[in-house]
Number of protein chains: 2
Amino acid sequence: MAFTIAKLADAGGVGVETIRFYQRRGLLDVPKRNSGDGPTGGARRYGQDDVRRLRFIRSAKTAGFTLEEIAELLRLDAANDRARARDLASARILALDAKIAELQAARASLSRLSKACARQQGGPCPILDAFAGD
Amino acid sequence: MAFTIAKLADAGGVGVETIRFYQRRGLLDVPKRNSGDGPTGGARRYGQDDVRRLRFIRSAKTAGFTLEEIAELLRLDAANDRARARDLASARILALDAKIAELQAARASLSRLSKACARQQGGPCPILDAFAGD
DNA sequence: CTTGACTCCGTATCATGGTACGGAGCGTAT
DNA sequence: ATACGCTCCGTACCATGATACGGAGTCAAG
């Protein structure tokens, strides 16, 4: 239940440097050092909660949130700011719908291109016009 | 029918600097100067074909190709390399399908989150768990 | 025949999201 | 008690896709 930074990185599927990067960006906080009996103190320890946050960050990135926005979402969670959270979610849903439609159109174009280029020789394989009409 | 770089940029919906950037990256070629009667020659002129390429670049980017890959596609078009073009298209279709599925899952999660956070007070608004199960 | 808009080109800078390096310190197993 | 591996931290660097800057040249209108 107490992770070193390397274990946390493993559990979250990221690298150690990424953890530190997220800490600098305010997405993860930096726990107190373990035992302050040396000039610099011991290693920092992480818990299950940090794993949760890390996984949230991964998913939120996939959803298209920027790290900046993810930092805000994490603050909203702490503050229990439902309204703002809902707004961010709604805005992202709209953006996702647009993005999905865009990708589906691109997919259709590529599918057409692929078919056209299938015939060995003869017939067109108009790469430059693949997206005509998009 | 003869564009200056600024007109080309307009027609392609990009900035002048972007055109030059694409030229450096080999996505667009650099036409000969117009009239070589000065120490440096006149301005370069662009045609409808450049507009076509520029639009292709835009669409191909949307489809998720990198500029590197787009440069290759443009070369393939010139070389009429059907097989390779088809391979690139197929690979991209697979990647697009994966991406679309991912975005749809994210959308569903956000939709759930948005609903949960809708109720003013009472009930959960579990931002951190929004993507649980993804 | 000058002014103003545009071009050319090299180089620098930006934003995003990391990844790497290097010199300390610390802690655990042998 | 000493060596090995991990940690800490600052700083530097990377890739991608642009975007900006500055000085010089050019061109067309007034």
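The chains referred to below are lettered A, B, ... by the order of the sequence lines, with proteins before strands, and numbering in each begins at 1. Just so it is clear, the values below take in all heavy atoms, side chains as well, and ignore hydrogens, waters and symmetry mates.
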Got a donor-acceptor contact below 3.5 angstrom from the B:Arg86 side chain to the A:Cys117 backbone?
no

Nearest whole Å is fine: how far is D:dT7 C1' from A:Glu17 CD?
11 Å

4.5 Å side-chain heavy-atom contact, B:Lys115 and B:Cys125
no

Within 45° cone and under 6.0 Å: B:Arg45 NZ/CZ vs B:Phe3 ring
no

Working to the nearest 0.5 Å, report the span between CG of A:Asp77 and CG of B:Leu128.
4.0 Å

Hey, is CD on A:Gln104 packed in by over 12 heavy atoms from elsewhere, all under 6.0 Å?
yes

Provide, to the nearest angstrom, the distance between the CD1 atom belonging to B:Ile19 and the P atom belonging to C:dC9.
14 Å

For atom CZ of A:Phe21 and atom P of D:dC8, their distance in whole Å
18 Å

Going through the checks in order, is the salt bridge (Lys or Arg N to Asp or Glu O under 4.0 Å) test met by A:Asp49 and A:Arg52?
CA-CA 5 Å; A:Asp49 216 66; A:Arg52 230 173 115 233; 3.3 Å; yes

Taking OH from B:Tyr22 and P from D:dG17, how many angstroms apart are they, rounded to a whole number?
9 Å

Just how far, in rounded Å, is C1' of C:dG17 from CG of A:Leu28?
14 Å

Value in whole Å for how far the P atom of D:dC8 lies from CZ of A:Arg24
13 Å

Atom CD of A:Gln23 to atom P of D:dC8: distance rounded to whole Å?
8 Å

Is it the case that the side chain of A:Arg33 and the backbone of A:Ala43 share a donor-acceptor pair, with hydrogens and angles ignored and the cut-off at 3.5 Å?
no

Find the distance between CD1 (B:Ile5) and NZ (B:Lys7) and round it off to the nearest 0.5 Å.
13.5 Å

Per the under-4.0 Å heavy-atom filter, residues of residues 56-75 of chain B near DNA chain D come out as B:Lys61, B:Thr66, B:Leu67

Polar atoms only, N or O, under 3.5 Å: list the protein pairs with nucleotides 6-8 of chain C and their distances.
from, atom 1, to, atom 2, distance (Å)
C:dT7, OP1, B:Thr4, OG1, 3.0
C:dT7, OP1, B:Ala6, N, 3.2
C:dC8, OP1, B:Arg44, N, 2.5
C:dC8, OP2, B:Arg20, NH1, 3.1
C:dC8, O3', B:Arg33, NH2, 2.8

In whole Å, I'd like the distance from the CG atom of A:Leu27 to the C1' atom of C:dG18.
13 Å

Roughly how far apart are A:Arg107 CZ and B:Asp97 CG, rounded to 0.5 Å?
4.0 Å

